[in-house]
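These notes are about the structure you will find just below.
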Amino acid sequence: MNEEVNPLPSLEQDQTSEQTIEEIVASLGDTVGQPRVDDPKMSVSNVDVFYGKKQAIFGVDLDIANNEVVSMIGPSGCGKSTLLRCLNRMNDTIPICRVSGELTLDGEDIYSKDTDPVLLRARVGMVFQKPNPFPKSIYENVAYGPRLHGLNRNKADLDDIVVNSLKKAGIYNEVKNRLDESGTSLSGGQQQRLCIARTIACSPEVILMDEPCSALDPIATAKIEELIDELRENYAIAIVTHSMQQAARVSQRTAYFHLGKLVEVGDTDTIFTNPRHELTENYITGRFG
Amino acid sequence: MNAQEELNTTEVVRGSLKRRYAREKRFRLFGLAAITASLTFLAVLLITITARGLPAFKQTFIQLEVTLDSKTLGVGENPDTNELRRANYNGAIKKSLTTLFPDVKKRKDKKALYKLVSKGGQYDLQKRVMADPSLVGETLKVWLPVGDDTNSYIQGNIDSSLPEKKRRFKDNQILWVDQLTEDKQIQRRFNSTFFERGDSREPEMAGIKGSLFGSMLTLMVTLLLSFPVAVATAIYLEEFAPKNRWTDLIEVNINNLAAVPSIVFGLLGLAIFINFFNLPRSAPIVGGLVLSLMTLPTIIISARAALKSVPPSIRDAALGVGASKLQVVFHHVLPLAMPGILTGTIIGMAQALGETAPLLMIGMVAFIVDVPTSLTDPATVLPVQIYQWADLPEKGFVEKTSAAIMVLLAFLIVMNAAAVYLRRKFERKW
Amino acid sequence: MLLLIIFVLTSVAYVVGRSRAATLRKNGEQLHSLPRYYGYMTAICTAVPALLLLALWSASEPTFLKHSTVKTLPAEVQSLPQGQLDLVLNDIKNIATGGITQTADDPVREASANHYNDRKNTSQLLKSFFVLVASVLGALYGLRKIGVQTRARIFVERAMMTVLIACSCIAIFTTVGIVLSVLFESLRFFNKVPFTEFAFGLHWSPQTSIRADQVGSSGSFGAVPIFAGTLLISAIAMLVAVPFGLMSAIYLAEYASSNVRAWAKPLLEILAGIPTVVYGFFAALTVAPLVRDIFEGVGFEDVASESALAAGLVMGIMIIPFVSSLSDDVITAVPQAMRDGSLGLGATKSETIKRVVIPAALPGIVGAILLAVSRAIGETMIVVMAAGLAANLTINPLEAVTTVTVQIVTLLTGDQAFDSPKTLVAFALGLMLFVTTLILNVIALVVVRKYREQYE
């Protein structure tokens, strides 16, 4: 499981002085930079997240726009994955997790009673840290979502969706002759692209990626990054990453988190060349993280 | 195209949501129903058995005024022990019954009257007189156990509204008993017979002492044999064994033995211990041997798990100060793993205590009245006693069977509770 | 008595050995091990050879005595067949121990009994003597070895290791013992009754042996109805156990809160801890009449009071916790990432379970079910008490059928000559039972092990 699902132990490690987390967070001051965009696809406003009694996210504001990649960076346990998992309510599966504040998709509150998590997750897809293809054939992996939601009218439709999704994920040429083989027989990078294809097949509007390359080698990583750039044409994308280079390469905007607080957000170029907050600068220059 | 597709997805998904949630709910209900059904069955089983078994812990006694004159007893003036043992106590009881109901004259009626008192009543009387020979010639008031049918009637298990021919308890018997009840000469008391006697053909005289002792002797043998061997095996496999084909074979063997039907162990016992080594049939020692072979895998598997959970740092630390490998295991690892091993052993013993089938094979199924005192005495065990009683037609034995089951379950509950307690108490996080 | 003496000698040897080593040490000798170990070493030298000798002697004594006694009997008795000779010998033994005999006083037997007693006493005496000598010699040897050159700890540890290895081989011996005992007797059976008749014959009535000289043709041993009955009851049991067990496991692993899990799981496991004889009693007394009443109530005729259905139902309930706890293990072993992947695509929980978790756990579940089947086939008490004895070849669950285990129990309880095919066939059935469950177990264990490795 993702190490950042429960960020509390690392929060405690970071807490070197006598201060409580709340005091440290308060000392960080307001978010530097502009978290809002003109035409947001998803919007996060003043969101707090608690695991039981401990708070993991403190009053975060952030927008995600269409045709844009937003990257979320920060040291381990800074809450970036937690926030990402709130965006399609994956945190619902953790019983002790509580979310307050407003998160919207196309202006609709995704935590309201009327919003259905199943429908939300069909519209907001997610790619996980470790490639997790189902132990089924490649075809079945991609066809899984459309079948669930009944997106195809007939078998030919489904074939179309599978082939298109595999093409969009840039893996079609590698697997077109072995669609019947198990998804787990592919290499790590291929598996991750298969998972992306699986997500695309549900025709989502937003794609969330949780450190999608952390388990891959550099060549596979390069391919995925290329793919992310292409996908930007059709989807709004949010990506959590540990690698600053990756954030710089694939994203248009970058958000820096520290101890559950959004410290600085802005154009990727600006953040990396001219960080305004001291912590951001320290992190980017590699003093910690 | 993209915009259209988006709309499409949302619409399509929304359309099917209701159906999908209904299915989700149904599936969840199935799961809940499955668990509830299983647990309900458990409750029904326990309640039925308790309801049937509880009456057996009480026994009905009848008060009689018995005259122990030497003529009725058929003994001389100063009888010796042997004479006293053979004396006709039954006659004395019969006589006291006829004095109680002097109107009963016909042979058939007399027979029915005598049936009110259990055949075991004479043994109670015998015991008293032999303990105190001066009672001969006296008249004393004694409480004697009633017969099976009378007992059933008192418990309300015989429907007196049925036509007389259809019930075992006749009209005149009902009359007598009702009168006795009115005179306060019938009493229900705690059934100590059940715990103080061995098997018997008369339900009211049958007890579980014999089988309980048989079970204890058998379990003792099982424990003495299986515990050391299992611990030694676990230590060898977990701490010393090289990884090769031979140890692999041993492992597969142990896992497989754990799943071999218990009756096959009975066949082994019959063919090897009884026919080949000529050990006595029906003896606790053979039962113990068979059961220890059967419980070995259980104990070995849990002992290995316990040894495995001792962290390597402890071994390294002891090896580091110059202890030999064997010393490390016996001085450090084994004591730390002991609670886990004991838990596994108790569970294995509980299994052995409830086991029946292999013991049938080695002849522990005979009708044995005496309480076994040594490992080679013929004996039976509690579960086998239950099996034997379950086959008998008398109403009284249904109760006795249920009561014996309750005793067996009580033992099992105590053992398992001990295992749980041990596990909780010594649970350690490294 | 002898054992007690050996024990005392051993203790003495330990004390002497230890003090001797301690003295050497005090005198400045550089001993390899602690004095304690020299004590242990001496003790081992004292006890082991003596005990070995004792065991060997005791094992061979009866055979030796028997031969010697048979020689004293008249020739015509000696030429009696084995079974009757054994009876005579038993009698003699009874006379010798002063027990009750079946035959009236017989001078020949009395004489033999006297001879038997004589020999026995001599043997006892010799045995005690030699064992004691062995033990004393061992002790002396051990004491002499105490010295600088001897590495007592290594010696003791070697001995311990030997014990450990010997213990771990008992599992192998058990299996070998089972195989040999059932195989040997089965072969004797197949000598008398051809295997083909046993395996394909449709008629089973082992009780009809009439005359001893009719060995091969006595009764008929077609085991097909028995196998069919076993399968029928096991199938009914699995029809109950698999759905209930699997759904319980799914509910506990995926839906239940940790609170519910904490009490529901142990409660379910109680079902597995109840002795089978209790289930048998319950099946025979409560469930079977209930089944008959219900089915006769809805218009079926001729519902047997020992119907396969009643036995199968109760057996199924007994197996529920078995299926559920094994399936629970394999279901929780499916990585959370699988569930996340499916939920992240917008699947509901039940869709995730049905389409991802169960297929992923399938090999493990199949293994669990195979183990449960092996358990159902080998289960004895429930069927002995609640299923019938009549070997009907039927698939109607309302009729009475019989099973392999029931037949083994009926054929082997009670007294009978050990050589008759009627007894031996029980071992042939036991062989079938052992082989079937062995195959099921091995497949299941391999499948489950492979499955675990996949996710570790």
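A quick note: this is a predicted structure, and the numbers were derived from the prediction, not measured. Numbered from 1 within each chain, the chains take letters A, B, ... in sequence-line order.
- When each of A/K136, A/R123, A/R89, A/E140 is scored by its heavy-atom pairs under 4.5 Å with chain C, the top score falls to A/K136.
- If you tally non-hydrogen atom pairs under 4.5 Å between each of C/E351, C/K349, C/R339 and chain A, the highest count goes to C/E351.
- Looking at A/F134, both its backbone and its side chain come within 4.5 Å of chain C, counting heavy atoms on both sides.
- Only the side chain of A/T93 comes within contact range of chain C, with at least one heavy atom under 4.5 Å from a heavy atom of that chain.
- Using a 4.5 Å cut-off between heavy atoms, C/S342 touches chain A through backbone and side chain atoms alike.
- The contact between A/V124 and chain C is made entirely by backbone atoms, counting heavy-atom distances below 4.5 Å.
- Comparing C/P359, C/A347, C/G344 by heavy-atom pairs within less than 4.5 Å of chain A, the highest count is held by C/G344.
- What you find for A/H149 and C/G346 is that their closest heavy atoms are CE1-O, 3.1 Å.
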- Query: Can A/R121 and C/L345 be said to form a side-chain contact (heavy atoms from CB on, under 4.5 Å), step by step?
  - Reply: CA-CA 6 Å; A/R121 287 174 197 152; C/L345 289 171; over 6 Å; no
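- For chain C, the nearby part of A/P133 is the backbone; its heavy atoms alone come within less than 4.5 Å.
- The side chain to side chain contact (heavy atoms under 4.5 Å, CB included) test applied to A/V175 returns A/I138, A/L166, A/I171, A/L179, A/L186, not counting sequence neighbours.
- With values rounded to the nearest 0.5 angstrom, C/D340 atom CG is found 8.0 Å from A/M126 atom CE.
- For A/A65, the side chain to side chain contact (heavy atoms under 4.5 Å, CB included) partners at least two apart in sequence or on another chain are A/V37, A/E68.
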